[in-house]
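Values reported hereafter were calculated over all heavy atoms of this structure, with side chains retained and with hydrogens, waters and symmetry mates removed. Index from 1, following the sequence.
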Amino acid sequence: MSNNTNSTNGHSDRDLGLWFLEQSRLGSARVPTDMDEDEEAPTELNTINSSGGFLVVSPDKLSAKYTNVNLHGHDVGVVQANKPAPVKRLVYYFEIYVKDAGTKGQIAIGFTSESFKMRRQPGWEANSCGYHGDDGLLYRGHGKGEAFGPTYTSGDIVGGGINYASQEFFFTKNGAVVGTVPKDMKGPLFPTIAVHSQNEEVNVNFGQQPFAFDLKEFEAQERMKQQRMIEKISLPTVSHGIVRSYLLHYGYEDTLNSFDMASKTTVPPVHIAQENGFDEQDVVFALNERKTLRQLIRNGEIDSALGKLREWYPQIVQDDKSATCFLLHCQKFIELVRVGALEEAVKYGRMELAKFFGLPVFEDLVQDCVALLAYERPQESSVGYLLEESQREVVADTVNAMILSTNPNLKDSQSCLHSYLERLLRQLTACCLERRLLSGDQGEAFHLHRVLNSCKKARC
């Protein structure tokens, strides 16, 4: 592979190879799909910051009882959770079980800020919101309540939640949503309960036990609402051009032909306008060769792929210590391990991988490849990512980009690395992150792979 920079695209072959080498390296440090669950969530009541003179919290810190006599409006037994509600998720929710409504049933559930006065009902002070059991009213920052829902008493299960997608509080009673209200409070918000008359007692469930409310179904409905909003958006025919450019970019010639045929047979037929702004010349280049090489690599036929490259594009593999050659040799080693040819893998490693030992840019991936030999079931090991289909795709994408980079008429340097569709998806991700930032960095983080996987499951 030549180290000369192609003056038409501003990228050297070395730069392209190293970019894909980094994509391969990312395989060993994938972000888990449930990364938001690592955020700390409430687990118990906070006995330190509470109006302790008016209530007793149980030893397990999951129930509270009013033990005093209510003489004044501020003689409230209030207690917050030990942690604020997590914000990096679609919905947060907790419940209380009213074990005893006491003499007046002045129980409340809601959310309050860290600076909330712990002698007041949630909703009676600024930066607080509460649904009250004795009158069914909702209080938001002042002493005057608003009509909201039914009262609740002994034996009822009442829940409070935050819907970060809609930026709303919602409350439930016995498994059904009572109502919603705009979330106009900023900063960390603590799940809060209050008792205000003798013998009132509630148990709190922060998720240790199954909820009476079907939270999973609620979340599914919220995601469906978002999906329906997306589906209402009308896409122009330019979207067909974007998909077509993706198939061209990665050499999916057979799929491209099927896509073109389907476009012609729709009613009315879809015509791809040339003025859509896509320069197909960049990605039609060497389509058949790129298709053949991708199929060989995806089938694990690395020797055949190397043979074709030496025949068709010798400049790509002439530097036997390039990142492209390294990834191809690694994949050959991986394929031998995959079929259990360990002795042959060792010989191949000594012959081809050994030349990369001591080169810092390759060191970690060389070690991961060699480590495959140490496990009886390497697929289940920490280096098992190398045996996944995604690793073959990285190698195939590398070869595809290197071939595109040899096009003497190449105008757009980014076209070697990313299709138009992928650039749009990157823009989508950036917009979703910016929108979340405008909401105080609250709500479920956007993970493109998770969205695509959910769409795939929906089609199944």
Side-chain angles (χ1 to χ4, degrees), residues 31-46 48-49 61 78-96 108-116 118 122-123 125-131 138-141 158-172 177-193 204-208 211 213-227 229 428-451 454:
V31 178
T33 56
D34 295 328
M35 62 178 291
D36 294 336
E37 292 184 1
D38 293 339
E39 189 180 14
E40 286 190 302
T43 56
E44 59 187 31
L45 297 173
N46 182 0
I48 297 175
N49 186 25
K61 299 182 181 181
V78 184
V79 59
Q80 294 176 326
N82 64 331
K83 302 283 184 183
V87 299
K88 296 180 179 179
R89 56 176 66 180
L90 182 66
V91 174
Y92 173 74
Y93 179 78
F94 77 108
E95 285 182 343
I96 61 171
I109 180 173
F111 295 90
T112 60
S113 66
E114 190 170 15
S115 60
F116 181 73
M118 302 304 289
E125 295 286 334
N127 292 318
S128 69
C129 176
Y131 172 35
L138 185 80
Y139 293 80
R140 288 193 292 162
V158 185
I162 305 174
N163 184 339
Y164 290 108
S166 62
Q167 287 293 300
E168 291 177 319
F169 292 116
F170 67 97
F171 294 92
T172 69
V177 174
V178 171
T180 63
V181 63
K183 175 185 160 300
D184 53 4
M185 296 159 52
K186 305 296 183 183
L189 299 176
F190 290 78
T192 305
I193 61 169
V204 188
N205 181 7
F206 291 117
Q208 298 92 333
F211 292 127
F213 177 63
D214 193 340
L215 183 59
K216 293 294 183 184
E217 177 61 23
F218 182 78
E219 291 175 336
Q221 290 177 2
E222 286 302 307
R223 291 194 172 94
M224 189 61 69
K225 286 180 186 177
Q226 296 176 26
Q227 185 64 31
M229 288 176 61
L428 169 65
T429 302
C431 290
C432 288
L433 293 173
E434 181 66 22
R435 181 183 177 188
R436 187 167 178 264
L437 189 64
L438 293 174
S439 297
D441 209 24
Q442 295 184 350
E444 192 173 40
F446 179 80
H447 300 301
L448 181 60
H449 286 290
R450 182 162 58 192
V451 173
S454 65

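Across all non-hydrogen atoms, the minimal contact from Arg140 to Pro182 is NH1-O, 3.7 Å. For the pair Thr192 and Val78, the tightest heavy-atom approach, listed with the atom from each and the gap, is CG2-CG1, 3.6 Å. Here the closest non-hydrogen pair linking Leu90 and Ala165 is CD1-CB, 3.6 Å. Residues Tyr92 and Pro42 approach most closely at OH-CG, 3.5 Å, considering heavy atoms. For the residue pair Ile109 and Phe171, the shortest heavy atom distance occurs at O-CE2, 3.6 Å. Annotation for Pro191 and Phe206: closest pair CB-CE2, 4.1 Å, computed over non-hydrogen atoms.
With hydrogens and angles ignored, the 3.5 Å screen pairs a side-chain donor or acceptor of Ser128 with a backbone N or O of Gly123. Put simply, the side chain of Glu39 gets close to the backbone of Lys88: a donor and an acceptor are under 3.5 Å apart. Although no hydrogens or angles enter the test, the distance criterion places a donor-acceptor pair under 3.5 Å between the side chain of Asn82 and the main chain of Thr43. Judged by distance alone, the side chain of Gln80 and the main-chain N or O of Leu189 form no donor-acceptor pair under 3.5 Å. In this structure a side-chain-to-backbone donor-acceptor pair under 3.5 Å is missing from Thr112 to Pro122.
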Run the side chain to side chain contact (heavy atoms under 4.5 Å, CB included) check on Thr172 and Phe211 step by step: do they pass?
CA-CA 11 Å; Thr172 69; Phe211 292 127; over 6 Å; no

For side chain to side chain contact (heavy atoms under 4.5 Å, CB included), just list the numbers for Ile162 and Phe169, CA-CA rounded to whole Å, side-chain angles, deciding distance to a tenth of an Å, and then say yes or no.
CA-CA 5 Å; Ile162 305 174; Phe169 292 116; 3.9 Å; yes

Residues Val204, Leu45; criterion side chain to side chain contact (heavy atoms under 4.5 Å, CB included); working and verdict:
CA-CA 8 Å; Val204 188; Leu45 297 173; 4.1 Å; yes

Side chain to side chain contact (heavy atoms under 4.5 Å, CB included) between Phe213 and Phe170, worked out
CA-CA 12 Å; Phe213 177 63; Phe170 67 97; 3.9 Å; yes

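Here Phe190 and Phe116 keep their ring centres 6.0 angstrom or further from each other. Proximity of the aromatic rings of Phe111 and Phe94 is defined here by a centroid distance below 6.0 angstrom, and this criterion is met.
For Glu44, the salt bridge (charged side-chain N to carboxylate O under 4.0 Å, His left out) partners at least two apart in sequence or on another chain are Lys61. Legend: residues meeting salt bridge (charged side-chain N to carboxylate O under 4.0 Å, His left out) with Glu219, ordered by chain and number and at least two apart, are absent.
Once rounded to the nearest 0.5 Å, the distance linking CD of Glu125 with CE of Met118 reads 11.5 Å. Note: Lys183 NZ to Ser166 OG = 10.0 Å, rounded to the nearest 0.5 Å.
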